[in-house]
*Asks:* 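Can you read through this structure? Questions will come right after.
Quick note: numbers below take in every heavy atom, side chains included, and nothing from hydrogens, waters or symmetry partners. Just so it is clear: chains get the letters A, B, ... in the order the sequence lines come, proteins before strands, and each one is counted from 1.
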Amino acid sequence: MLGKPTSSATAPEAILIGGSAGAIEVVSLVLGALPADFRTPVVVLVHLPKQRPSALAGALSGKCRLALREPLDKEPLAPATVYLAPPDYHLLIDEGPSFALSVDEPVNFSRPSIDVLFQSAASVLGPRCAGVLVSGANPDGARGLCAIQQAGGLVAIQDPDDAAQGAMPEAAIALCPDAHVLATTEICQWVQQLGAWQTSPRRGST
Amino acid sequence: MLSGEFDIELPLLLEAIHLKYSYDFRRYALSSLKRRLEQAMEHFNCRSLSALQERVLREPEVMRGMLAHLTVQVSEMFRDAGFYRALREKVVPYLRTYPSLKVWIPGCATGEEVYSLAILLREEGLLDRTLIYATDINPEALHKAEAGIYELDRIADFSKAYAEAGGRASLSDYYTAGYNAAVFDKSLREGVLFSDHSLATDSVFAEVQLITCRNVLIYFDRVLQDRAVALFRDSLCRKGFLGLGAKESLTFSSYAAEFAEFVREERIYQRR
Ligand SMILES: C[S@@+](CC[C@H](N)C(=O)[O-])C[C@H]1O[C@@H](n2cnc3c(N)ncnc32)[C@H](O)[C@@H]1O
């Protein structure tokens with residue numbers, strides 16, 4: 001393959017977090033720990049019953065120092081923003097990078113599906129994205145996380161013993177055995193370090 | 001996910017489809033298009049897009065099958081109750097001032113949106129003076145839209161959405177329940193013209209007061225979105241209304257300045 005060699009020091013252009021049952025608590029902690037000057041866009045997808053306005057925005061607002069919103073179709077990813085996947089649409093990353101939405105059939109019984117988001121990000125951003133998969137009771141996201149890793153991106157999985165629901169992390173560990181398996185507090189640090197790389201790349205050599 | 005050769009073959013396939021069948025998918029949003037092409041490869045048991053292209057070019061029935069993969073027929077009645085409430089409460093008062101009305105529903109798919117709007121207009125006393133153009137590029141979808149028959153197990157959700165959207169009666173007033181299907185009252189579609197029209201290749205055909213085009217633009221890239229929005233602008237009368245899907249907007253459109261936000265949170269715009 002042509003193109004740049006994939007180096008583990010590539011600063012991600014986006015950090016993607018996926019989860020399902022029991023994920024909101026972890027996600028709140030991760031987002032809550034982010035400093036106000038955290039530049040890297042963060043995209044959060046948590047399976048929730050469809051409703052508007054989304055329960056996710058309600059649960060997370062006030063817990064995070066960064067701007068928080070559901071992206072519109074074609075919206076470019078902007079720094080210092082946390083994007084929440086809207087209910088009842090698939091969320092994808094397209095060229096730009098910008099967001100794309102679709103109402104295609106559910107994948108893994110889910111819309112939005114974490115696989116759909118992660119696979120699109122892997123295909124568009126390659127090594128310039130990072131993925132985290134946390135608590136959940138279904139296997140959505142495992143294949144997507146694998147795709148990110150194969151494209152050279154960094155990936156982490158919540159330790160199933162530390163997760164409210166272990167099935168989602170376990171499915172991901174089975175598919176991508178080389179991923180970092182981290183406890184919640186370590187996920188918070190890991191995500192922060194990914195962002196720090198963008199301002200001073202040299203600090204990235206952990 | 002596939003890459004490399006796939007990315008080379010993809011534009012070639014779209015070009016071939018365009019040359020042979022005049023369907024133009026060349027400016028569709030890439031990331032979701034790629035997923036659907038992967039599904040099509042699997043469905044037709046092709047190892048590569050080139051192999052699929054070979055079949056599409058030589059076997060017209062494969063192209064018919066491809067349409068089902070390339071276009072997404074997912075729809076619901078009264079999807080997003082707030083949108084229909086806003087139409088009823090904020091747009092209908094303007095529509096009332098016209099002696100006769102024309103409405104365009106591009107990308108009407110299997111018709112759920114058409115019947116939703118027809119019911120709303122009937123309840124507001126406007127359906128009798130309204131002509132609705134319901135258009136799509138998928139002929140199978142148009143047939144289903146025209147038939148107005150939906151599986152009974154979807155009706156509970158539709159009824160709930162209808163009530164949330166401010167429905168004045170009971171949805172069951174508008175259909176007859178058969179063995180496992182609900183057949184919508186044909187008087188609802190007396191003023192509906194179902195026809196083939198592509199936002200990618202066709203032009204404006206009528207002046208209308210209202211366009212609802214929901215969850216169609218998300219499948220286009222920005223260039224094709226601009227083409228479609230230009231058609232909407234040229235088709236709408238001055239002060240006519242455009243309703244988009246919940247996550248669609250004119251924010252990133254080249255023609256944003258030609259529309260005003262009318263009900264911002266429901267993506268209803270008014271032509272300036
Ligand atoms: C997801 S459906 C939207 C259904 C309905 N409007 C709704 O919101 O429930 C998208 C529809 O757009 C149609 N479509 C795709 N490309 C089109 C084009 N170039 N011109 C017109 N319709 C198109 C597809 O065939 C499909 O029926």
*Asks:* Taking side chain as everything from C-beta outward and backbone as N, CA, C, O, which of these in B:Gln225 sits under 4.5 Å from a heavy atom of chain A? Side chain, backbone, both or neither.
*Replies:* side chain
*Asks:* With side chains defined as the heavy atoms from C-beta onward, is the minimum distance between B:Ile218 and A:His90 less than 4.5 Å?
*Replies:* no
*Asks:* How many angstroms lie between atom CZ of B:Arg35 and atom OG of A:Ser123, to the nearest 0.5 angstrom?
*Replies:* 10.0 Å
*Asks:* Nearest 0.5 angstrom please: A:Glu105 CD to B:Gln39 CD, how far?
*Replies:* 9.0 Å
*Asks:* How long is the straight-line distance from CG of A:Asp88 back to CG of B:Asp80, given to the nearest 0.5 Å?
*Replies:* 8.0 Å
*Asks:* Establish, yes or no, whether the cationic atom of B:Arg79 lies under 6.0 Å from the six-membered ring centre of A:Tyr89 and within 45° of the ring axis.
*Replies:*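 The answer is yes; both the distance and angle limits are met.
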*Asks:* By a 4.5 Å heavy-atom criterion (distance strictly below it), what part of A:Val116 contacts chain B: side chain, backbone, both, or neither?
*Replies:*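 Both backbone and side chain of A:Val116 come within 4.5 Å of chain B.
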*Asks:* Answer with side chain, backbone, both or neither: which region of B:Ser75 has an atom nearer than 4.5 Å to a non-hydrogen atom of chain A?
*Replies:*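 Contact with chain A involves no heavy atom of B:Ser75 at all.
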*Asks:* For A:Leu72 and B:Ala246, work out which heavy atoms get closest and say how close.
*Replies:* CD2-O, 4.5 Å
*Asks:* Do B:Phe252 and A:Ser98 have side chains that get closer than 4.5 Å, going by heavy atoms?
*Replies:*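 In short, these two side chains do not touch, never coming nearer than 4.5 Å.
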*Asks:* Given heavy-atom pairs under 4.5 angstrom as the criterion, report whether the side chain, backbone, both or neither of B:Glu76 touches chain A.
*Replies:* side chain
*Asks:* Enter the distance from B:Leu250:CG to A:Lys74:NZ here, rounded to the nearest 0.5 Å.
*Replies:*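 B:Leu250 atom CG to A:Lys74 atom NZ measures 13.0 Å (nearest 0.5 Å).
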*Asks:* Side chain from CB out, backbone as N, CA, C, O: work out which of these in A:Val124 comes under 4.5 Å of a heavy atom of chain B, or both, or neither.
*Replies:* neither
*Asks:* Taking atom CZ of B:Arg272 as the centre, does the number of heavy atoms from other residues, nucleotides or ligands within less than 6.0 Å exceed 12?
*Replies:*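 More than 12 within 6.0 Å, yes.
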*Asks:* Distance check, rounded to the nearest 0.5 Å: B:Ser32 atom OG versus A:Leu92 atom CG?
*Replies:* 6.0 Å
*Asks:* Output the distance between atom CG (A:Asp73) and atom OG (B:Ser249), rounded to the nearest 0.5 Å.
*Replies:* 7.5 Å
*Asks:* Would you check if the side chain of B:Tyr219 reaches a backbone N or O of A:Leu101 as a donor-acceptor pair within less than 3.5 Å?
*Replies:*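 No; zero donor-acceptor contacts below 3.5 Å.
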